[in-house]
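What follows is a single structure, written as structure tokens, with notes after it.
Given the structure is predicted, the values throughout are model-derived calculations rather than measurements. Below, all heavy atoms of this structure are taken into account, side chains as well, without hydrogens, waters or symmetry copies. Read the numbers this way: they start at 1 and go in the same order the structure lists the ligands and their atoms.
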Amino acid sequence: MKILVIGSGGREHAIAWKLSKSPHTQQLYSAPGNAGICETARCLPANVNAPEELARLAESIEADLTVIGPEAPLVAGVADAFQKRRLRVIGPSPAAARLEGSKIFAKQFMARHSIPTARFIACRSPEEARQGVESGFEFPVVIKADGLAAGKGVFIAPDRKAFDLTIERFMVERVFGDAGLSIVLEECLTGREASLMIFTDGRDYKIIAPAQDYKRANDGDEGPNTGGMGSFSTPGLIDDDTLARITREIIEPTLVGMSDEGNPFSGVLYAGLMLTGDGPKVIEFNVRLGDPETQAVLVRLESDLVEIFESILDRRIGSEEVSWSRDSSVCIVAASGGYPGEFEKGRPISGLEEAESLEGVVVFHAGTGRGEEGSFLTTGGRVLGVTARASTLPAARDRAYEAISRITFERMHYRKDIAEETRNAAS
Ligand code: AMP
Ligand code: GLY
């Protein structure tokens, strides 16, 4: 089969890596890809937010299957453009992708179907927001931009002053452009955060081995939010009772609700959750694989990813065998100097081969490109996801840290506490 992977991050490198191991894969393409992906796939230039352009590209290479990595193309309508041309594509329709593309849609959907989530109101003007916060919310209050804001559109306001400032920034200064013109105000939930991803064909589903990510820039969960500084996956990360409750109270009603409303959800659904004293509640939905959770998860997947994707498209995921290794895995993100703020680019990377020579280690590229003499250069904020698999979580962690210690580029930084025992015990 000819398979096309859309996107250019660490998640897409992990997807391409796993697809390349399938005997069904004859030719792998990626658009636009990155320097790591281009080692195994033929990379083609593309604007990932132009649905028709992507569909034409898939048609021109006669792709049998296209996998969409990031959310923006899904929300922009890539799946419909592909379906119109009868091209097989993994990812929800734009109507179903609203679960991530519009927080207001997601919250109102959950309300319609009694899916547990934080109490909320939707506000479409600063006045509505100011009146809304006085209508029975206690501080801290969570403020969320309605549209896509690259994971940065959430602010927890500790008091009224911070609230007013945030409303000003979101709705008047428009720091997130149109994404912040409407907002959701939400009660602040407390508990342990967890996330659960599933492969689904709209009716049936298979649970993806749970993984945990680390959003904050610095050790001890300090510092600003990032796209994700690391992740790990290990058997039993979410206990069976909690998992059963999440599927019964959240996953299944979501699939049934989307289907009943005429927007069946197909692809990968990601539920970001707070495990509160009152049971699991949804913080957010994503309509695609998580980054960097995917890097940790796919090294544990024993089944053939092409077959899983085919079973989603043929509506038979329920009878597809999806099995996970009992091993654990850890992914540590190496980031550029300055990230998550303004960051440096164009720094030569060394030590990649030394890192990958360690057993069980794969280095997934995110923001990398090629220099003039063929060397790897940094091109993004998150540069690499150094990922290790081993029989226990501490062994996987040690291996991942040993591997990343062999890699250098100027002002590279990474968290030193990914998958640390203290955090796992507490979480
Ligand atoms: P999101 O982008 O929606 O995942 O939100 C980013 C982060 O904000 C989450 O990972 C949580 O840590 C936090 N958050 C979002 N919504 C809430 C909420 N209702 N209560 C407490 N924390 C929240
Ligand atoms: N790691 C969280 C996300 O992909 O949104």
Side-chain angles (χ1 to χ4, degrees), residues 7 9-12 14-15 68-72 74-75 97 99-107 110 115-122 133 137-158 166 170 176 179-180 183-197 208 210-217 221-233 267-278 280-298 331 333 340 364 366 381-382 385 415 418 427:
R11 163 183 49 211
E12 288 75 24
I15 294 169
I68 313 290
E71 61 277 15
L74 292 166
V75 172
L99 278 180
E100 179 167 2
S102 166
K103 302 259 187 215
I104 295 178
F105 172 84
K107 296 295 287 193
M110 287 187 269
I115 294 162
T117 187
R119 193 166 58 82
F120 77 101
I121 53 171
V133 78
F137 280 94
E138 278 173 28
F139 287 102
V141 164
V142 185
I143 304 159
K144 297 185 174 181
D146 177 47
L148 292 183
K152 301 191 177 77
V154 176
F155 187 77
I156 301 181
T166 307
F170 279 35
F176 301 116
I183 58 156
V184 166
L185 293 189
E186 241 178 56
E187 72 175 317
C188 190
L189 301 172
T190 51
R192 167 164 90 86
E193 281 188 52
S195 56
L196 190 68
M197 300 188 281
I208 297 179
Q212 187 178 314
D213 72 342
Y214 290 74
K215 287 201 174 77
R216 299 296 198 95
D221 290 332
E222 307 263 343
N225 266 323
T226 70
M229 292 299 287
S231 62
F232 73 91
S233 179
V268 172
L269 180 67
Y270 173 129
L273 307 163
M274 190 73 86
L275 305 179
T276 72
D278 220 9
K281 295 189 180 184
V282 177
I283 296 177
E284 63 161 351
F285 284 118
N286 295 324
V287 298
R288 34 86 195 164
L289 285 160
D291 187 345
E293 290 94 329
T294 303
Q295 291 86 315
V297 156
L298 289 187
C331 167
V333 169
F364 294 119
R382 291 190 295 169
R415 275 182 65 159
I418 305 297
S427 66

In terms of ring plane angle, is the pair Phe170 and Phe176 parallel, tilted or perpendicular, where the classes change at 30° and 60°? perpendicular
Determine whether the side chain, the backbone, both or neither of Glu193 has a heavy atom under 4.0 Å from any heavy atom of ligand 1. side chain
So if I count the atoms of ligand 2 from 1 in the order they appear, which ones are less than 4.0 Å from some heavy atom of Tyr270? 2 (C)
Considering only heavy atoms of Gly290, which atoms of ligand 2 have at least one such atom less than 4.0 Å away? 4 (O)
Which residues pass the side-chain hydrogen bond (donor to acceptor under 3.5 Å, both in side chains) test with Lys144, not counting sequence neighbours? Glu186
Could you work out, with side-chain hydrogen bond (donor to acceptor under 3.5 Å, both in side chains) as the rule, every residue matching Ser233, not counting sequence neighbours? Arg300
Which of the numbered atoms in ligand 1 are under 4.0 angstrom from any heavy atom belonging to [X]?
X: Met274; result: 21 (C), 22 (N)
X: Cys188; result: 20 (N), 21 (C)
X: Lys103; result: 3 (O)
X: Lys144; result: 3 (O), 15 (C), 16 (N)

Any nitrogen or oxygen of Leu189, main chain or side chain, under 3.5 Å from a nitrogen or oxygen of ligand 1? yes
Under 4.0 Å, counting heavy atoms only: does Gly272 come that close to any atom of ligand 1? no
Determine whether any heavy atom of Glu187 lies closer than 4.0 Å to an atom of ligand 1. yes
Distance check, rounded to the nearest 0.5 Å: Glu100 atom CD versus Phe285 atom CZ? 11.0 Å
Distance (rounded to the nearest 0.5 Å) between Cys331 SG and Phe232 CZ: 12.5 Å
Can you spot which of Val297, Ile68, Ile208 makes a side-chain contact (heavy atoms from CB on, under 4.5 Å) with Leu289? Ile208
Return yes or no for this condition: an N or O of [X] is under 3.5 Å from an N or O of ligand 2.
X: Arg11; result: no
X: Glu293; result: yes
X: Asp291; result: yes

Leu273 vs Val282 side-chain heavy atoms within contact, under 4.5 Å: yes
Side-chain touch Leu99/Leu269, heavy atoms, less than 4.5 angstrom: yes
Shortest protein heavy-atom distance from atom 2 (C) of ligand 2, along with the residue and atom involved: Asp213 OD2, 3.4 Å
Nearest non-hydrogen protein atom to atom 4 (O) of ligand 2, with distance, is Arg288 NH1, 2.8 Å
Could you please spell out the steps behind the side-chain contact (heavy atoms from CB on, under 4.5 Å) verdict for Thr226 and Tyr214? CA-CA 9 Å; Thr226 70; Tyr214 290 74; over 6 Å; no
Which option out of Val141, Thr190, Val154 puts a heavy atom nearest to atom 8 (O) of ligand 1? Val154
Going by the 4.0 angstrom heavy-atom rule, the piece of Glu284 near ligand 2 is neither
Which of Arg216, Arg415, Lys215 passes salt bridge (charged side-chain N to carboxylate O under 4.0 Å, His left out) with Asp221? Answer is Arg415
Would you mind checking if Asp146 and Lys107 are paired as a salt bridge, meaning a charged N to carboxylate O distance below 4.0 Å? no
